[in-house]
Amino acid sequence: MHPSPLHGTAASNPAAHAVGPLLRDWRQRRRLSQMELALDAGISPRHLSFIETGRSRPSPQVLLALAERLSVPLRERNTLLLTTGYAPHYPERPLETADMNRVREHLQRLLAAHEPYPGLVLDRYWNAVLVNEAARSLAGLIAPELSAPTLNVYRASLHPEGLARFTVNFDEWAAHLLHNLRRSIEASGDMALVELEREVLAYPGVRAALDASRPESGRPVLLVPCVLDLPLGRLSLFTTLTSFGTPRDVTLDELCVELFYPADEPTERALRALRP
């Protein structure tokens, strides 16, 4: 009798050997016990233990239920499926394709409506895929090579030939950015983001800024602004990040919109004065 696909032996299911450690890594990253994850996903702890040790091959439904509970990004959910020998579940359509026309138009409309304040649409690696005119003006202040082949928020903000040379509160702002990058790494486990973190930490002054930044005592600060000393004057900006709700496409799951807002009246006046 052949073993079932759910409870086959490790020898008969080589894919089970590969997916088990991946799932265990995600579970440990989310700080869940086997008992907690199994109960939340609707399977027995014994079944989950067998999956993690490679003694059992999960069905696609069980695999996706576990990934949902673990908040695994859609790209990594496809990886889990492929590793186990199943077809990927989530499509990935580039933003430039016809299928994405409506999404792209709405994003462009959102960025245009945000003028004269800077706005960007960012991918998984914090590369700008769409920008408005205000953001393009800021990007014009950095060394050209930092925008090639595409503008990356962390390189543009932390490199000494980027906005770092204009940033008044560099220690505070750099620490804020690096904490965000670390959260992205913990959420996705993406080694490309680990490499990006390693790169920017090697920039002059960045690691020292992270070490020097400490919460201030006294009156709490509501938001961490980016304060820039520019030819047009001093700008103090705070940001918001927005992502798509319930995406079922890998590209949409990885996109976010970063919008900058004036943190004080002089900044608002300076930015509005630039509007034609």
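In this text the structure is predicted, and so the values were computed from the model without any measurement. We use all heavy atoms of the structure for the numbers below, so side chains are in, but hydrogens, waters and symmetry mates are not. For this chain, numbers begin at 1 and follow the sequence in order.
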Tell me whether [X] is salt-bridged to [Y], with the criterion being a basic N under 4.0 Å from an acidic carboxylate O.
X    : Y    : value
D190 : R124 : yes
E96  : R104 : no
E186 : R183 : no
R77  : E68  : yes

Please identify each residue that fulfils side-chain contact (heavy atoms from CB on, under 4.5 Å) with A174, with sequence neighbours left out.
L158, F170, A209
Can you list everything that forms a side-chain contact (heavy atoms from CB on, under 4.5 Å) with H159? Sequence neighbours excluded, please.
L146, E161, Y203
Spatial distance of atom [atom1] ([X]) from atom [atom2] ([Y]) [nearest 0.5 Å]:
X    : Y    : atom1 : atom2 : result
N127 : S147 : CG    : OG    : 11.0 Å
L70  : R30  : CG    : CZ    : 7.0 Å
R136 : L151 : CZ    : CG    : 10.5 Å
L274 : E115 : CG    : CD    : 10.0 Å
L120 : L107 : CG    : CG    : 12.0 Å
T167 : E172 : OG1   : CD    : 11.0 Å

When hydrophobic residues are tied together by side-chain contacts of less than 4.5 Å, even through go-betweens, does [X] share a cluster with [Y]?
X    : Y    : answer
L122 : V194 : yes
L74  : L82  : no
Y117 : L230 : yes
V168 : L228 : no

Which pair of non-hydrogen atoms, one from [X] and one from [Y], has the smallest distance, and what is that distance?
X    : Y    : answer
Y86  : P58  : OH-O, 2.8 Å
R165 : A143 : NH2-N, 4.2 Å
S188 : L193 : OG-CD1, 3.5 Å
L259 : L111 : CD2-CD2, 4.2 Å
L237 : T267 : CD2-CG2, 3.8 Å
W126 : Y154 : CG-CE1, 3.3 Å

Quick one: do L63 and L23 satisfy side chain to side chain contact (heavy atoms under 4.5 Å, CB included)? Show the steps, please.
CA-CA 9 Å; L63 202 53; L23 279 172; 3.7 Å; yes
Quick one, F260 with L138, criterion side chain to side chain contact (heavy atoms under 4.5 Å, CB included). Give me CA distance, side-chain angles, the key distance, then yes/no.
CA-CA 12 Å; F260 289 78; L138 281 180; 5.9 Å; no
Measure from the side-chain N and O atoms of [X] to the backbone N and O of [Y], and report whether any donor-acceptor pair falls under 3.5 Å.
X    : Y    : value
D123 : E254 : no
R234 : V227 : no
N132 : G119 : yes
D249 : R93  : yes
T97  : P94  : yes
T150 : A128 : yes

Just grab all the ring-ring contact (aromatic ring centres under 6.0 Å, His included) pairs involving [range], residues at least two apart or on different chains.
range            : value
residues 52-79   : none
residues 178-197 : none
residues 89-108  : none

Can R27 and E36 be said to form a salt bridge (Lys or Arg N to Asp or Glu O under 4.0 Å), step by step?
CA-CA 10 Å; R27 178 177 60 78; E36 290 171 318; over 6 Å; no
Minimum side-chain heavy-atom gap [X]-[Y] below 4.5 Å:
X    : Y    : value
E258 : T240 : no
Q34  : R24  : no
L81  : P60  : yes
L178 : L201 : yes

From the list T83, T79, L66, side-chain contact (heavy atoms from CB on, under 4.5 Å) with V19 holds only for T83
Which is it for V250 and D253 under the side chain to side chain contact (heavy atoms under 4.5 Å, CB included) test, yes or no, and what are the steps along the way?
CA-CA 5 Å; V250 172; D253 185 49; 5.5 Å; no
Derivation of the salt bridge (Lys or Arg N to Asp or Glu O under 4.0 Å) call for D25 and R29:
CA-CA 6 Å; D25 180 65; R29 188 177 291 141; 2.7 Å; yes
Give every donor-acceptor pair under 3.5 Å between a side-chain atom in residues 37-44 and any protein atom, sequence neighbours left out.
unit_1: D40; atom_1: OD2; unit_2: R69; atom_2: NE; d: 2.5
unit_1: D40; atom_1: OD2; unit_2: R69; atom_2: NH2; d: 2.9
unit_1: S44; atom_1: OG; unit_2: H47; atom_2: N; d: 3.0

Y261 and H114 aromatic ring geometry - parallel, tilted or perpendicular at 30°/60° bounds
perpendicular
Under the criterion side chain to side chain contact (heavy atoms under 4.5 Å, CB included), I'd like the reasoning laid out for F166 against L141: C-alpha separation, chi angles, the key distance, then a yes or no.
CA-CA 9 Å; F166 304 106; L141 298 171; 3.9 Å; yes
